[in-house]
*Asks:* 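The structure follows.
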Amino acid sequence: MAAIRKKLLGWYDEAARDLPWRRTRDPYAIWVSEIMLQQTRVDTVIPYYERFLTSFPNPRALADADEDAVLSHWSGLGYYRRARLLHAGVREVVAQYDGEVPEDAEARRALPGVGPYTAGAIGSIAFEKEEPIVDGNVTRVLARLFRIDTPVGASVTSKRVWEEAARLVPGVRPGAFNQALMELGATVCTPKQPKCESCPLLDDCLARAHGEVDTLPVPRPRKSPTQVKLAAVVATQGRGRDQRVWLLRSEQSLFAGLWGLPMTPRSRFDAHDARGALRDAGISASLGRESIGRLDHLLSHRRMQIDVFRATAAKAESSETRRLFRLDELGSVGISTLTQKLLSVAFS
Ligand code: SF4
């Protein structure tokens with residue numbers, strides 16, 4: 001283990017990419033970066049991370065912000081539940097720990113939205129604790145390095161990978177070591193065509209020795225996406241520059257807290273469903289008979305086909321969950337990428 005650590009740290013010191021969150025040891029900034037990086041590419045995260053920390057430079061600033069402001073900084077990044085949990089976790093840090101992210105591992109793991117991965121990342125990178133972390137990149141590297149041949153996602157695999165990560169982390173610079181493992185997975189030990197010839201662990205790698213690099217890790221069984229047909233309505237009031245659009249605050253777990261269009265599953269191929277969506281939303285309006293466009297969108301294993309309808313002279317009572325927005329306001333409220341695309345069908 002010591003030899004693997006030494007080679008990997010030596011390689012990391014030479015090869016690490018210069019990323020904004022690697023220039024800080026601030027546990028709050030590292031927390032923000034780790035939450036944003038879950039299921040999102042580094043290039044995508046960088047501008048969001050910088051904008052987020054400019055607006056909310058410390059836990060108190062984020063704790064004081066309202067949810068709309070937080071979600072608007074997350075608009076387009078997806079997986080909005082992450083933002084709400086980060087917000088809740090940071091509020092707890094302010095309420096319980098005077099705004100200081102706790103060094104104690106148990107206290108960190110008890111925060112909302114902080115699982116073993118995030119707790120380990122903050123612990124090792126900010127506080128130099130010998131805590132392991134396992135993400136998709138680490139799983140791939142360790143499955144190849146130690147020839148773990150059970151499927152990704154199975155509990156036996158997860159247990160083994162965490163055990164190997166925990167065996168590797170003790171020693172000097174645990175934070176750098178954890179980042180080195182992730183960096184190797186991101187840049188060298190990639191899912192397809194890993195660059196084994198330039199890998200610092202070439203001589204230690206069991207998958208390489210057994211010619212199993214292409215077959216490890218064993219992928220998790222794939223579920224084919226469910227097809228869903230929906231109707232969405234862009235219901236507006238006014239014309240030209242005075243035009244405004246009704247949006248509803250979603251309660252669906254995937255989009256909870258975000259603003260979106262009235263939407264309903266489709267059962268027929270005329271405006272019947274769209275009329276139902278308006279009725280359920282409590283909006284009366286003059287609805288077009290034909291859809292104005294169709295959008296295909298893949299979301300969390302659901303392949304959505306959405307017919308967009310247009311309604312004008314739309315009226316309703318404003319409430320906490322139903323509001324009229326000016327078109328130029330939409331950039332500063334929390335709306336999902338899906339809603340942005342649906343609106344562009346009507347307004348582009
Ligand atoms: S030798 Fe190849 S498969 Fe093994 S850890 Fe390095 S890059 Fe991954």
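In listed order, ligands and their atoms are each counted from 1. Residues take their numbers from the sequence shown, with the count starting at 1.
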*Asks:* Quick one about S158 and S155 (side-chain donor to acceptor, distance below 3.5 Å, no hydrogens or angles considered), yes or no?
*Replies:* no
*Asks:* For the pair D214 and K192, evaluate salt bridge (Lys or Arg N to Asp or Glu O under 4.0 Å) and give the outcome as yes or no after the intermediate values.
*Replies:* CA-CA 8 Å; D214 292 336; K192 291 196 179 123; over 6 Å; no
*Asks:* Without hydrogens or angle criteria, can the side chains of T264 and D273 be said to hold a donor-acceptor pair below 3.5 Å?
*Replies:* no
*Asks:* By the ring-ring contact (aromatic ring centres under 6.0 Å, His included) test, which pairs, at least two apart or in different chains, include something from residues 138-176?
*Replies:* none
*Asks:* Spell out the protein N/O/S atoms under 2.8 Å from atom 6 (Fe) of ligand 1 as residue plus atom name.
*Replies:* C199 SG
*Asks:* Which residues satisfy the side-chain contact (heavy atoms from CB on, under 4.5 Å) test with L287, sequence neighbours excluded?
*Replies:* V233, A271, A274, R275, L278, F309, A311
*Asks:* Taking ring-ring contact (aromatic ring centres under 6.0 Å, His included) as the test, write out the residues that go with Y117, two or more places apart.
*Replies:* none
